[in-house]
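Worksheet: the structure to be examined is printed underneath.
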Number of protein chains: 2
Amino acid sequence: MSTSPTPPSPLDSVQLGAYFVLMEVAGLLRHAVEQQLRDDGDLSYVQFQLLARLGLDSPTGSERMTDLADGVVYSRSGLTYQAGLLEKAGLVSRAPSADDERSVTVTITDAGRSLISQVLPGHVEVLRQQLFSPLSRTDTQVLSDLLAPVRDHMRAAPPRSAGSRRRR
Amino acid sequence: MSTSPTPPSPLDSVQLGAYFVLMEVAGLLRHAVEQQLRDDGDLSYVQFQLLARLGLDSPTGSERMTDLADGVVYSRSGLTYQAGLLEKAGLVSRAPSADDERSVTVTITDAGRSLISQVLPGHVEVLRQQLFSPLSRTDTQVLSDLLAPVRDHMRAAPPRSAGSRRRR
DNA sequence: TATTGTTATACTCTATAACTATA
DNA sequence: TATAGTTATAGAGTATAACAATA
């Protein structure tokens with residue numbers, strides 16, 4: 001069932017090129033960014049994502065475990081592991097949700113917010129140097145507009161048949 | 001020395017958006033692709049990259065360890081580990097280089113080539129469904145053209161001050 | 001019964017440092 | 001001395017399955 005009924009029909013060279021550049025740029029960028037986060041705040045990229053989501057995106061500074069897992073494409077156990085690390089470091093707190101006793105609400109602490117602002121300037125610097133220096137403002141806008149539909153498409157299609165539940 | 005003399009001056013929202021989409025798309029794509037490679041050929045993404053580089057890019061099917069490490073942004077020991085796995089699986093062979101006794105030449109085997117062609121159709125399918133279905137041919141071309149300079153810029157700048165040697 | 005989250009466990013990957021051998 | 005590669009080792013991250021508790 002892994003072979004499709006239609007002939008393989010390889011991607012054309014433009015598509016292959018786009019695939020490779022995309023993956024290489026993202027890989028190199030992640031590498032650079034992880035090093036900065038490690039140096040400036042002893043954070044992994046995923047941990048930064050979690051903190052940023054709580055501290056920058058969420059108006060309340062809180063989210064349920066499940067929502068965090070959905071946003072970061074994580075296994076439940078993986079998120080539990082990371083949330084445990086963050087909590088042990090005093091960067092977030094966990095408490096049973098008010099409305100649903102099964103849920104756990106994760107909240108960023110003052111120390112967490114402080115760490116974000118400590119790490120953010122360096123982070124922005126890396127982005128500026130590595131990613132944006134070769135891109136004009138228009139380029140950046142176009143790039144964003146091109147990738148946004150892809151992201152939405154990927155989020156919609158549930159290819160992760162692993163566990164069972166995923167979609168909210 | 002981690003704070004720059006110039007004011008933090010945060011990225012504008014367009015730049016931040018571009019950064020996040022780029023990372024999310026690449027992350028989701030890598031996730032999907034890794035699952036396919038695992039299912040169809042029991043390969044990690046890095047192992048696939050190594051085999052593809054030897055089998056598809058190199059005309060001779062051989063490369064030195066160092067050149068492979070440069071191409072895949074790996075630590076030397078990491079490459080040794082992966083090359084060891086591939087060799088144990090019979091997908092590559094290793095032999096001291098002819099001209100330089102210090103070097104090791106890695107060569108893809110028939111089994112390695114066979115595995116690539118076994119895995120490639122499914123790989124292409126995933127790319128088509130996940131990445132390219134929301135992109136026109138023009139979109140794809142533009143995306144590629146936008147990212148190519150970024151890749152070149154990142155390759156040139158040696159931010160990995162870790163080990164010591166890196167640039168060829 | 002379905003969902004939320006945790007735990008135990010095992011495995012893969014990566015990086016650092018020490019080491020050998022050749023240039 | 002500098003480079004190519006390996007080894008030992010240690011640590012971080014991830015996933016699976018079994019589990020407990022609530023809806």
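If you're wondering where the values come from, they're calculated on a predicted model, not measured in any experiment. Worth knowing before you read on, the calculation uses all heavy atoms, side chains too, and leaves out hydrogens, waters and symmetry mates. In the text below, chain A, chain B and the rest are named by the order of the sequence lines, each starting its count at 1.
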Between the base of [N] and the side chain of [X], is one N or O donor paired with an acceptor at under 3.5 angstrom?
| X | N | answer |
| --- | --- | --- |
| B:Thr66 | D:dA4 | no |
| A:Ser77 | D:dT16 | yes |
| A:Thr80 | C:dT7 | no |

query: Between A:Pro149 and A:Leu146, which heavy-atom pair has the shortest distance, and what is it?
result: CD-O, 3.2 Å
To the nearest angstrom, how far is [X] atom [atom1] from [N] atom [atom2]?
| X | N | atom1 | atom2 | value |
| --- | --- | --- | --- | --- |
| B:Leu79 | C:dT16 | CG | P | 16 Å |
| B:Met65 | C:dA21 | CE | P | 18 Å |
| B:Gln35 | D:dT16 | CD | P | 9 Å |
| B:Leu86 | D:dT6 | CG | P | 12 Å |
| A:Glu34 | D:dA12 | CD | C1' | 11 Å |
| B:Asp99 | D:dA4 | CG | C1' | 12 Å |
| A:Gln82 | D:dG11 | CD | C1' | 13 Å |
| B:Arg102 | C:dT22 | CZ | C1' | 6 Å |

task: Describe the nucleic acid contact of B:Leu68 in one word from base, sugar-phosphate, nothing, applying a heavy-atom distance below 4.0 Å.
output: nothing
task: Could you check whether A:Ser103 gets within reach of a base, just the sugar-phosphate, or nothing at all, counting any heavy atom under 4.0 Å?
output: sugar-phosphate
- prompt: Between B:Thr105 and B:Ser97, do the side chains contain an N or O donor and an N or O acceptor separated by less than 3.5 Å?
  reply: yes
- prompt: A:Ser44 has a side chain; which of D:dT3, D:dT6, D:dG13 sits nearest to it?
  reply: D:dG13
query: Quick one: does B:Val106's side chain get under 4.5 Å of B:Glu63's, heavy atoms only?
result: no
query: Do the non-hydrogen side-chain atoms of A:Leu91 and A:Ile116 ever get within less than 4.5 Å of each other?
result: no
query: For D:dG5, does OP1 or OP2 lie under 4.0 Å from any side-chain N or O of B:Arg94?
result: no
message: If you assign each of A:Glu101 and A:Tyr45 to its closest nucleotide in DNA chain D, which residue comes earlier from the 5' end?
response: A:Tyr45
- request: For A:Gly78 and for B:Tyr81, locate the closest nucleotide of DNA chain D by heavy-atom distance; then report the residue assigned to the nucleotide nearer the 5' terminus.
  value: B:Tyr81
task: Any chance you could lay out the salt bridge (charged side-chain N to carboxylate O under 4.0 Å, His left out) test for B:Asp12 and A:Arg137, step after step, and finish with the verdict?
output: CA-CA 10 Å; B:Asp12 60 59; A:Arg137 294 185 56 81; 2.7 Å; yes
